[in-house]
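Each chain gets a letter, A, B and so on, in the order its sequence line appears, and its residues count up from 1. Atoms considered below: every heavy atom in the structure, side chains included; atoms not considered: hydrogens, waters and symmetry mates.
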Amino acid sequence: MRGGINRLSYAAELANDLRRTHMCGVLTEADVGREVVLMGWVQKRRDHGGLIFVDLRDRWGLVQVVFNPDYSEEALKKAERIRSEYVIAVVGRVEKRPEGTDNPNLPTGAIEVHVAEARILNAAKTPPFYIEDEVEVDENIRLRYRYLDLRRPEMQRALQLRHRAAKATRDFLDGRGFIEVETPMLTKSTPEGARDYLVPSRVNPGSFYALPQSPQLFKQILMVSGIDRYFQIVRCFRDEDLRADRQPEFTQIDMEMSFVTAEDVMEVTESMIAEICQQTTGLEVTVPFPRLTYQDALNRFGTDKPDLRFGLELVDVSDLAAGCGFKVFRSAVQAGGLVKGILATGCGGYSRKEIDELTQYALTYKAKGLAYFIVTEEGLKAPITKFFTKEELATIQTRFGARPGDLILFVADQPSVVYAALGALRKMLGERLGLTDNADYRFSWVVDFPLLEFDADEGRYVAVHHMFTSPRTDDLPLLAEEPGRVRAQAYDLVLNGVELGGGSIRIHRRDLQEQVFTAIGMSADEALEKFGFLLEAFDYGTPPHGGIAFGFDRLVMLLAGRQSIREVMAFPKTQNAADLMTGAPDTVSRGQLRELHIGLDVKKEDK
RNA sequence: GGAGCUGUGGUGUAGUCAGGUCUAACAUGUCUGCCUGUCACGCAGAAGAUCGAGGGUUCGAAUCCCUUCAGCUCCGCCA
């Protein structure tokens with residue numbers, strides 16, 4: 001019985017004989033005196049009885065339209081029925097606003113449109129939330145009514161920014177001689193990497209396509225084909241758990257070039273990123289981007305995707321810890337681990353509870369605890385100072401450059417745990433201390449990744465990047481004997497703690513590719529079965545080549561200053577990979593399954 | 001697979017830790033009436049929630065316990 005529902009019974013009027021002449025948001029004083037036809041949504045109606053103001057909205061903005069019996073009695077009558085989000089058309093004249101009634105908060109605030117004729121093109125129920133920026137609505141509701149959410153100016157700006165980023169990308173790469181080539185969405189499942197989304201083949205019972213995790217193999221094949229410079233703004237699919245910056249389907253800027261070195265790829269990339277920034281937000285980016293090695297990144301920041309907007313670098317005290325009286329430190333080093341710390345500037349006043357919170361946080365990264373010192377005028381204070389000599393305490397304070405009022409936090413463990421825990425702690429402290437300026441964009445390259453790493457669960461080496469990445473030629477002799485020490489010709493582009501993209505020079509020779517397959521424990525038979533076409537292609541004259549791929553959503557997210565890629569995607573999915581608007585994924589009919597020769601093995605809930 | 005946070009009229013929140021004074025409060029929105037210069041219009045009035053769902057404890061549950069659902073953040077997973 002809500003009024004909004006009854007309103008819908010009003011017959012909609014047609015606009016067949018009207019042509020929209022202007023957009024709402026673009027009218028200015030230069031248009032004064034002009035007869036216009038506007039169409040849009042009602043943002044707000046202000047009813048003064050004998051006079052009604054309506055803020056009319058379209059993608060370009062708002063303009064005030066005025067219903068006054070002096071202009072049209074009939075239009076005023078109609079305006080009384082108008083409600084928020086009605087779609088209306090108005091015919092009228094642009095006029096300068098009366099003296100003293102300008103609205104400086106509105107780009108169109110100096111003018112208004114005097115309505116001679118109005119039509120209600122469609123009524124609207126009262127929307128479940130306000131169509132305006134900075135609404136704090138439950139994401140459930142935003143996603144269920146995504147079409148309304150997308151009406152908000154903020155979301156419209158995000159989609160426009162995304163469009164401009166895509167256009168800048170295409171324009172730039174076109175100018176550099178790249179051509180966009182589409183690759184299949186229905187392709188072959190490959191081992192390694194993420195879980196595939198599978199699509200059953202009706203005409204090949206029992207067989208499945210996989211949706212691409214990336215067009216990796218196709219773009220390499222295109223190099224074999226002599227395309228030379230390929231790119232694609234392409235959808236990729238990975239069936240893994242979601243995060244703020246991970247969706248099951250996402251978009252990559254995918255590139256590949258022939259006859260290039262890593263330097264060449266990085267140069268093109270830097271120029272492209274600079275161009276995208278310039279064309280979207282006007283941000284001027286300085287190139288080239290600083291580079292750091294994988295090992296440096298870990299040592300200094302505890303992560304291979306460091307946020308370079310602030311310091312708080314990790315400090316190594318393993319040497320000191322090895323001989324100190326604190327058993328936790330000493331035994332960590334003896335077990336082949338590290339003891340590293342971070343200086344939390346100005347956090348010396350943290351309460352026991354706050355330090356406990358930090359400890360809890362470190363625990364989620366598998367740290368066993370968090371040791372700390374509070375820095376005072378009299379030196380370091382903490383329950384654990386008794387395990388250290390005066391000299392040791394003084395050395396620690398000096399090494400951290402700690403001053404009274406600071407807090408020093410330590411993790412002692414295996415290197416991977418120390419890096420993960422302190423890296424996360426550093427990031428959290430950076431945010432908490434207000435060191436992460438959204439308008440500060442610090443790009444960097446991380447290079448010299450290891451080619452392979454040992455996977456304890458699998459009991460074998462696995463590719464860090466992917467198995468088509470070329471080893472550094474100077475490390476080739478190590479491949480057979482010490483695969484863990486081989487460095488890759490790979491590079492990651494990092495921005496403010498987010499991995500934006502990664503790429504590599506690829507293997508282009510069959511013998512080397514087969515060696516790498518061997519190193520990751522893939523049999524010759526399996527290699528032929530899964531990648532025979534690639535190995536065969538390598539036999540037909542394959543140029544040296546390399547490329548890179550970017551998370552387009554992440555790039556746009558950062559340019560838009562948002563915290564989640566959902567905010568820059570028109571129709572994102574929830575953490576359960578569901579689309580709350582359409583209801584996907586959903587069950588299908590028995591008939592569809594039968595046609596695909598699929599039987600289900602799930603317990604059906606009684607409905 | 002795991003951890004944490006959130007869920008109260010249409011929307012956003014208060015109330016939950018110390019169960020009864022909550023026959024649930026506030027703001028906004030909605031509806032009705034009045035209003036010719038508002039732009040967060042104003043004024044007067046009205047309607048609207050059994051507190052995500054289910055079960056339990058209790059004389060009594062929004063509040064305590066268990067289960068479950070949904071959203072978010074994170075670990076694992078994933079480049």
Check your understanding: Donor-acceptor pair, Arg59(A) side chain versus Gln156(A) backbone, under 3.5 Å?
Key -> no

Review point. Considering heavy-atom distances to RNA chain B, does Gly100(A) or Gly49(A) have its closest nucleotide positioned more toward the 5' end?
Key: Gly49(A)

Check your understanding: Expressed in whole Å, how much space separates the C1' atoms belonging to C22(B) and G76(B)?
Key -> 44 Å

Point to revise | Separation between the P atoms of G52(B) and G9(B), rounded to whole Å | key: 8 Å

Practice item. Determine the minimum heavy-atom distance between Met467(A) and Pro191(A), stating which atoms define it. Key: CE-O, 3.6 Å

Point to revise | Proximity to the side chain of Gln64(A) - top-ranked nucleotide from U38(B), G71(B), G29(B) | key: U38(B)

Practice item. Figure out the CG/P separation between Asp55(A) and C41(B), and round it to whole Å. Key: 8 Å

Review point. For His114(A) and U36(B), what is the distance between atoms NE2 and C1' respectively, to the nearest whole Å?
Key: 12 Å

Practice item. Determine, for Arg472(A) against Asp448(A), whether the closest basic-nitrogen to carboxylate-oxygen distance falls under 4.0 angstrom. Key: yes

Review point. Counting side-chain heavy atoms from C-beta on, which of U73(B), G10(B), U30(B) comes nearest to Tyr130(A)?
Key: G10(B)

Check your understanding: Using purine N1 to pyrimidine N3 plus N6-O4 or O6-N4 for Watson-Crick, or N1-O2 and O6-N3 for G-U wobble, both under 3.5 Å, which nucleotide pairs with U63(B)?
Key -> none

**Study point:** Base paired to C72(B) (Watson-Crick or G-U; both N/O distances under 3.5 angstrom)
**Key:** G4(B)

**Study point:** Short N-O contact, Glu154(A) and Arg152(A), less than 4.0 angstrom
**Key:** yes

Point to revise | Phosphate OP1/OP2 of G71(B) contacted by Asn576(A) side-chain N/O (<4.0 Å) | key: yes

Point to revise | Value in whole Å for how far the P atom of U28(B) lies from CD of Glu132(A) | key: 13 Å

**Study point:** Stacking of His48(A) on C35(B) base (centres under 5.5 Å, planes under 30°)
**Key:** no

Practice item. May I ask you to evaluate whether Arg46(A) reaches the phosphate of C41(B), defined as a side-chain N or O under 4.0 Å from OP1 or OP2? Key: yes

Review point. Taking atom C1' of A40(B) as reference, at what distance in whole Å does atom NZ of Lys44(A) sit?
Key: 7 Å

Practice item. Hey, could you give me each pair passing ring pair (Phe, Tyr, Trp, His ring centres under 6.0 Å) that has a residue in residues 38-62 of chain A? Not counting sequence neighbours. Key: His48(A)-Phe53(A)

Point to revise | U63(B) versus U50(B) - spacing of their C1' atoms, nearest Å | key: 14 Å

Check your understanding: Are the side chain of Arg309(A) and the backbone N or O of Leu435(A) linked by a donor-acceptor pair below 3.5 Å?
Key -> no

Check your understanding: Distance between the P atoms of U36(B) and A25(B), in whole angstroms?
Key -> 35 Å

Check your understanding: In Watson-Crick or G-U wobble terms, both distances under 3.5 Å, what is the partner of U21(B)?
Key -> none

Review point. Looking for any heavy atom pair under 4.0 Å, which part of the strands does Asn103(A) touch: base, sugar-phosphate only, or nothing?
Key: base

Review point. So, Glu354(A) side chain and Ser351(A) main chain: donor-acceptor pair closer than 3.5 Å or not?
Key: yes

Check your understanding: What's the CD-P distance between Glu357(A) and C5(B), to the nearest Å?
Key -> 12 Å

Point to revise | Ion pair Glu85(A)/Arg57(A), N-O distance below 4.0 Å | key: yes

**Study point:** Sugar-phosphate only, base, or nothing, as touched by Ile141(A) at under 4.0 Å among non-hydrogen atoms
**Key:** sugar-phosphate

Review point. Is it true that Glu567(A) and Arg142(A) have a side-chain N and a carboxylate O under 4.0 angstrom from each other?
Key: yes

Check your understanding: By centroid distance (under 5.5 Å) and plane angle (under 30°), are Phe53(A) and U38(B) in a stacked arrangement?
Key -> yes

Check your understanding: With a 4.0 Å cut-off on heavy atoms, is Pro98(A) in touch with a base, just the backbone sugar-phosphate, or nothing at all?
Key -> base

Exercise for review: Under 4.0 Å between any heavy atoms, over every strand shown, what does Glu99(A) touch: base, sugar-phosphate, or nothing? Just pick one.
Suggested key: nothing

Review point. Say you pick atom C1' in C75(B) and the same atom in G56(B); how far apart are they, in whole Å?
Key: 33 Å

Point to revise | Under 4.0 angstrom between Thr574(A) side-chain N/O and G71(B) OP1 or OP2 | key: yes

Practice item. Indicate, with a heavy-atom threshold strictly under 4.0 Å, whether Glu139(A) touches base, sugar-phosphate, or nothing. Key: sugar-phosphate

Check your understanding: What is the distance from OH of Tyr145(A) to C1' of U11(B), rounded to the nearest Å?
Key -> 12 Å

Point to revise | Partner nucleotide of G45(B) by Watson-Crick or wobble geometry (both distances under 3.5 Å) | key: C31(B)

Check your understanding: Counting any heavy atom closer than 4.0 Å, what does Arg45(A) reach on the DNA or RNA strands: base, sugar-phosphate only, or nothing?
Key -> nothing

Review point. Rounded to whole angstroms, how far apart are CG on Asn105(A) and C1' on C41(B)?
Key: 14 Å

Review point. Which value, in whole Å, describes the distance between the P atoms of nucleotides A14(B) and C5(B)?
Key: 16 Å

Review point. When rounded to the nearest Å, what value does the distance between P atoms of G33(B) and G12(B) take?
Key: 29 Å

Review point. If we take the P atom in both A49(B) and U23(B), what is their distance in whole Å?
Key: 15 Å

Review point. Along nucleotides 74-79 of chain B, 5' to 3', which nucleotides get a B, which get an S, and which get a -, given that the test is a protein heavy-atom distance under 4.0 Å?
Key: SBBBBB

**Study point:** Phe67(A) CZ to C39(B) P, straight-line distance once rounded to whole Å
**Key:** 18 Å

Exercise for review: Could you tell me whether the side chain of Lys219(A) and the main chain of Glu256(A) form a donor-acceptor pair under 3.5 Å?
Suggested key: no

Point to revise | Phosphate OP1/OP2 of C31(B) contacted by Arg83(A) side-chain N/O (<4.0 Å) | key: yes

Practice item. With a 3.5 angstrom cut-off on both distances, give the Watson-Crick or G-U wobble partner of C39(B), or none if there isn't one. Key: none

